[in-house]
Asker: 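The structure under discussion is supplied below as structure tokens; questions concerning it will follow.
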Amino acid sequence: MDLSLKPEHKAFADEVRAFARENLSPATREKTFSGKHYDRDDHMVWQKALGKKGWLAYTWPKKYGGPGWDVTQRFLFENVLAEEGAPRILPFGPKMVGPVIYTFGTEAQKERFLPGIRSSEVSWCQGYSEPGAGSDLANLRTRAVREGDHYIVNGQKTWTSFAHWGDWIFCLVRTNMDAKPQEGISFLLIDMKTPGVTVRPIIMTDGAHHVNDVFLDNVKVPVENLIGKENEGWTCAKFLLANERLGIAEVPSSKRGVSVLRKIARIEPQDGGTLADDPAFTAQIADIDLQVQALEMSELRVLSTMAQGGAPGPEVSTLKVRGSEIQQRIAELTMEAVGEYAQPYQPGMLFHDTNETPIGPDHAPPAAPRYFNMRKTSIYGGSTEIQKNIVSKMVLGL
Amino acid sequence: MDLSLKPEHKAFADEVRAFARENLSPATREKTFSGKHYDRDDHMVWQKALGKKGWLAYTWPKKYGGPGWDVTQRFLFENVLAEEGAPRILPFGPKMVGPVIYTFGTEAQKERFLPGIRSSEVSWCQGYSEPGAGSDLANLRTRAVREGDHYIVNGQKTWTSFAHWGDWIFCLVRTNMDAKPQEGISFLLIDMKTPGVTVRPIIMTDGAHHVNDVFLDNVKVPVENLIGKENEGWTCAKFLLANERLGIAEVPSSKRGVSVLRKIARIEPQDGGTLADDPAFTAQIADIDLQVQALEMSELRVLSTMAQGGAPGPEVSTLKVRGSEIQQRIAELTMEAVGEYAQPYQPGMLFHDTNETPIGPDHAPPAAPRYFNMRKTSIYGGSTEIQKNIVSKMVLGL
Amino acid sequence: MDLSLSDEQKQLQEAAERFVRDKYAFDARRKIAATERGWLPENWAQFAELGWLGMAFSEEDGGYGGGPIETMIVMEQFGKGLVLEPFLPTVVLGGGMIARAGSAAQKEALLAPMIEGKKQFAFAWLERQSRYNLADVSLKATKEGTGWSLSGHKGVVYNAASADEIIVLARTGGSAREPKGLTLFVVDAKAKGLSRRDYPTQDALRASELTFDKVSVGADAVLGKVDEAFPVVEEAVDRAIVALCAEATGCMDAINAGTLEYIKTRKQFGVPIGKFQVLQHRMVDCFTNAQEARSMTLMASLKIDDKDPTVRAKAASGAKVQIGKSGKFCGQSAVQMHGGMGVTDEMAVSHYFKRLTMIDLMFGNQQHHLTRYSNLAMAA
Amino acid sequence: MDLSLSDEQKQLQEAAERFVRDKYAFDARRKIAATERGWLPENWAQFAELGWLGMAFSEEDGGYGGGPIETMIVMEQFGKGLVLEPFLPTVVLGGGMIARAGSAAQKEALLAPMIEGKKQFAFAWLERQSRYNLADVSLKATKEGTGWSLSGHKGVVYNAASADEIIVLARTGGSAREPKGLTLFVVDAKAKGLSRRDYPTQDALRASELTFDKVSVGADAVLGKVDEAFPVVEEAVDRAIVALCAEATGCMDAINAGTLEYIKTRKQFGVPIGKFQVLQHRMVDCFTNAQEARSMTLMASLKIDDKDPTVRAKAASGAKVQIGKSGKFCGQSAVQMHGGMGVTDEMAVSHYFKRLTMIDLMFGNQQHHLTRYSNLAMAA
């Protein structure tokens, strides 16, 4: 057993760092460290640079155009990028639909879709959730009826992140109304420009627009956009969810969050000194710092098992649960560090470039909105309650 | 609205205090403040003194020989006695079976049993729980079969506190095997000296003997010992449980616990000063102190509603839940205050009068055992889980 | 001991309930929040008419002789409706300090019109470096002839844009963070040299940053005694804290009721999600938390008039700790049980959550007041 | 990065598992605890034979060249069985300090026989006033000819009754609580002037209060340098903490497995109580807690050899915080889910709970180590 890095891994980390410093815009980095919202360009410019370098689809095997990295390289890549203030890679293409396509798709589908995902030329979004279904994913009502060489799709998807930026959406649709909930589902790729696709924003509690309702009204989808077999889409769905759950713990960004929090504590004034002098507050930072370390080490243990050929089991659900609690707690402590100056609502500072000076310190405007917004982490991707149900059943046999 | 006391209530409190100072033995008081176990005499001498004064059955109406106090008097009585270090009144006679007898019993039964309860000449214990039944009280298997003017009782009761001191036991027994679980149950009084009654100690994790198994093997019980009607004992059982739940929050003794904890913090050395200089520790005391205050005020609000003719509803379950958590937390903090010196196990200091000096400070020997032992408070009298089920169903309608 | 409401108090409660029901439905509130002022003059006029602006003041001060219980009753209902009218800065803080420290002339000139609904106040105490330390004040007031000249900055001043007068805490002596040497001034909101930057807060209230550039005031602008304002401010803030606690209990009642309703109707896996034991127990914990918040608020309301400032401070801090804890628990739980809907702007739940969160940050959060309480309790 | 066990380590793990399975069934342990010594010499001999007493020492010190990972592997299994043999005081603490600070002669005289199972140690550092401050030592050692005279008191000295030598931390200079001025002495357990009061601990181990009344030792009794013992002690205690953490993870595994089994079989309301969602989720939380404890223990075991004492100290304190928290959660939850049975002496669960509780109190509880970690992390 050994936590230290071999020289070639150190060199790799240096290469990643140099790349990030060269390709990340200062404005994007600043948004990361202050917790402000990115705009579309922040993501796209960065993702295209990664794509050009061949690093966007960094979890993919070489066979499909990925770099074929080992566990340590992935770990370093994710951590260095987080430290450097890179926005997270939007997972819908490279982490979600991409692996589904190269695992379940035909050769023609691989050739058609994978290059655009790797380069970030084509943006994807996810059509899983439906109104009223929530974490009960299999309870879906969007229908696809075969007519000749097309499906006619009708229904509504919701909570669709970045649908307003998306070129394509991957959808779970019901192709057999008579089957049991998890049967009769198919996995379909839909071009967002197809007539009948409408996107309506959902405004979050902090005023942000990330997620959307997507209405599908007699949308005509060619049969060749079906991934896997008709009525067997649940297999793709489960495969995708297991992949999603692993990275969703967001350890690298939480590590950055703790270090930003310590920085803020050293700036925030209190009783003539700073908040960093207050042991009651610094103990809370220490506590969340240690929680992040425990989560990281747990994740490494899972990855180490996987590297030896094991598959990620349902126990990764607990990583997702703890990861979301930790992100929420960091956001909460950051808001508390700001204190009374977390009260002004400053959408100008949150969403746009503006020449106004912020009210309070630079780190104040996103503090409360981020706390509100982070409550979603224990809801999306399978709520905490659902994850615990899964572990209870699949791991503990209860 | 007013929290202040009228002069007559102040005089009453003084009277109670004077009585306690006169009648509580110093040895008993010392056990209370240090958290050591009482022996039988500690309870009995004190309860008989209260009985003689007419204060043992202090919740009873005048009609049945109680003092007929108002809510404020009861509140003062309980608080003053706790402050003075009195052991809690064992509830089985005066708080449990007594009210059942005067509510559901015949005149003959009242005449026969109430005086001995009021005076503490007769000790009672409770035959509710059975092995394997736990919080699922109605699932009982002890059987009473009518034979002439007697019942023949067979079965086993468990978790019976102080059965080894008890003269009588009140039991729930099944008198109709064919009825639904909550029907076919009867409420029976059994003389512990009857042949076939055997008591076996259960030793707790700290080595203490408080609770017992009680075996009933062809025990012959006269029919006149049945309270209420045959097969309608569940009514008595529920009445008794509702009464039990109210006082079980143990606020007065928790108030004393907080003040003892502050005293210990002022004694326990740390870094050349005392633990009282450590804000991380005193903040934890403050937190539990405030929890006690919230619980007390919640209890007063319930009592105030009752004084205006309302009945205690199922929401008192939440008082029981919080009361047990608070007792556990006080015990935990007390142990943590003692630190490394909580490790020696000193049964001599816990159970007996001994001339040995304790290892560590005087307050050390009971610290850890009490912490272990207090875990029971969220289990007995209906576990926390059961109480929350009750509130969820009866109060929230879920 | 008596914990029952008088008949008058019950009537007050019903009237406040009625106001919220009639005027503060969710969509109506959204419209009020979107107005330039952020609150409705017609509502304020109704408060005056109903006597709410004067209820907590003595009859000799022109009020109706009520006290903290009356304030509690109204604030609780305001919490249920997330009422936006500036009752706290104007009546509880401004009115409270004038009643406590004001001269007869000041009461005449300020309190009487306030009770009639004709004057509003704002209280400017916070500065960038203050955090929760009420004595960490550096805005300077220097003698200028018979009057004073004020220079410096104040932040997050609620209701400054609507206020007729700003009550300003300034340093007239003493060193940094010394409680001694602070003085309160009543400053005309339109005074020369006073500039404002207005903004909404997270919870749709209105506040401002204020800059004082040699703002001149007369000697009669001093509220109370020069250099001796600290005890007045500390008491006023303790009273404001207790009022905020009452508002928070109302928020919790509303958010709990809404969540209970939601989990009874929202179905997943074929049953209402309220059938899942984990949500049932969490809902029970929410109600328990709200009960405890109500208990501590009631206790604080009953003790806030105590002559002993330590009793008062402990009661206020104790209640603030509880509502911080309970508010967070109820708010976070409600969002979680609402699922995705809980984090959208569309549902009332997120607005209650925001208000509960902001209440915790006002005048010292849970941690701050736990420390304050702890120090007072250990000193005893 | 590589987190997999070597083949030798896997064999060690299996051997330790086998020992616990064969020798530490619940009733067998009860009998061992009831012996006068409180542990079995035959088990100790088996440890020697299996090489466990020397595995973590370098080959030049007569050991087998393993390290903290080997200690972790064995301690974890000891935790599963609540093993009573004095491995921690003798091997981890005593052996560890001798290996780090001892002269060649001391290693020869002490470490070699210890590895053979022929010598046991106890480490006497705590005094009544020390709490968790390792430098709060007032037992005095004064020069006496070429040797030293020791007078004072030591408390809660584990294994003192069985130890051949007591390693005593004494003050030879400096003022109260000064890290400088502390010296370690190796004292014959039967030395004149050394008296003992023995007792069991809450978790069935054995400890003693020791009184030193002018106990004379030679110059060769000094372990390491005079006045410079503190870094040696701090490192040894950090290593002991990590070993304790490993033991605690074993306890948690055992208590969680027992509880899971219990809730699968115990019926209430006609179904196994493990069918109730609230218990299911609590059980999941128990497993998550144990996972986190294991992760932090592993990380600390991998970092405890770091040259930088800050890295070492942070790793040890961080792990101790986690096992304090996780141990409490798992222990309290297990008792609760066992219902009444959980608080009796009859069930294994209460014994694991007691051990987990005592581990938290040893060498600094959760709060103490959170503060230590926090100070180190903010200083960075």
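Numbered from 1 within each chain, the chains take letters A, B, ... in sequence-line order.
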Asker: Heavy-atom distances under 4.5 Å only: say whether D:Ile69 touches chain A with side chain, backbone, both or neither.
Answerer: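 Only the side chain of D:Ile69 comes within 4.5 Å of chain A.
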Asker: Flag the one option from A:Val71, A:Ile285, A:Leu5, A:Leu300 with the top tally of heavy-atom pairs under 4.5 Å to chain D.
Answerer: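 Ranked by heavy-atom pairs under 4.5 Å with chain D, first place is A:Leu300.
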Asker: Output the option from A:Ala283, A:Pro279, A:Ala276 having the highest count of non-hydrogen pairs under 4.5 Å with chain D.
Answerer: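 Of the candidates given, the most pairs with chain D belong to A:Ala283.
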Asker: Could you check which of D:Leu376, D:Leu5, D:Leu298, D:Leu279 has the highest count of heavy-atom pairs closer than 4.5 Å to chain A?
Answerer: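 With the most close heavy-atom pairs to chain A, the winner is D:Leu298.
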Asker: Under the criterion side-chain contact (heavy atoms from CB on, under 4.5 Å), I'd like the reasoning laid out for A:Val395 against D:Phe287: C-alpha separation, chi angles, the key distance, then a yes or no.
Answerer: CA-CA 10 Å; A:Val395 182; D:Phe287 275 84; 6.0 Å; no
Asker: Contact part of D:Leu302 toward chain A, heavy-atom cut-off under 4.5 Å: side chain, backbone, both or neither?
Answerer: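 Just its side chain gets close to chain A.
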Asker: Side chain, backbone, both or neither: which part of A:Leu295 has a non-hydrogen atom closer than 4.5 Å to chain D?
Answerer: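 Neither part, no heavy atoms under 4.5 Å.
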Asker: Please lay out, stage by stage, how D:Phe353 and D:Gln332 fare under the test side-chain contact (heavy atoms from CB on, under 4.5 Å).
Answerer: CA-CA 7 Å; D:Phe353 176 48; D:Gln332 293 182 351; 4.0 Å; yes
Asker: Can you list everything that forms a salt bridge (Lys or Arg N to Asp or Glu O under 4.0 Å) with D:Asp61? Sequence neighbours excluded, please.
Answerer: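 For D:Asp61 the salt bridge (Lys or Arg N to Asp or Glu O under 4.0 Å) partners, ignoring immediate neighbours, are D:Lys107.
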Asker: Looking at D:Glu234 and D:Leu134, what are the two nearest heavy atoms and their distance?
Answerer: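 Reported closest heavy-atom pair: CA-CD1, 4.1 Å.
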Asker: side-chain contact (heavy atoms from CB on, under 4.5 Å) between A:Leu261 and A:Phe281: does it pass, once the steps are laid out?
Answerer: CA-CA 11 Å; A:Leu261 175 55; A:Phe281 194 78; 4.3 Å; yes
Asker: Can you check whether chain A and chain D share any donor-acceptor pairs under 3.5 Å, and give the atom names and distances if they do?
Answerer:
unit_1   : atom_1 : unit_2   : atom_2 : d
D:Met1   : N      : A:Ser4   : O      : 3.1
D:Asp2   : N      : A:Asp2   : O      : 2.8
D:Asp2   : O      : A:Asp2   : N      : 2.7
D:Lys264 : NZ     : A:Leu396 : O      : 2.9
D:Gln277 : NE2    : A:Asn389 : OD1    : 3.1
D:His281 : NE2    : A:Asn389 : OD1    : 2.7
D:Asp285 : OD1    : A:Lys388 : NZ     : 2.8
D:Asp285 : OD2    : A:Lys388 : NZ     : 3.4
D:Gln291 : O      : A:Arg301 : NH1    : 3.3
D:Gln291 : OE1    : A:Arg301 : NH1    : 3.3
D:Gln291 : OE1    : A:Arg301 : NH2    : 3.2
D:Glu292 : OE2    : A:Arg322 : NE     : 2.6
D:Glu292 : OE2    : A:Arg322 : NH2    : 3.4
D:Ser295 : OG     : A:Ser298 : N      : 3.3
D:Ser295 : OG     : A:Ser298 : OG     : 2.7
D:Ser295 : OG     : A:Arg301 : NH1    : 2.8
D:Lys325 : NZ     : A:Asp287 : OD1    : 3.2
D:Tyr373 : OH     : A:Asp289 : OD1    : 3.3
D:Tyr373 : OH     : A:Asp289 : OD2    : 2.7
D:Tyr373 : OH     : A:Gln293 : NE2    : 2.7
D:Ser374 : OG     : A:Thr282 : O      : 3.2
D:Ser374 : OG     : A:Thr282 : OG1    : 3.4
D:Met378 : O      : A:Arg266 : NH2    : 2.7

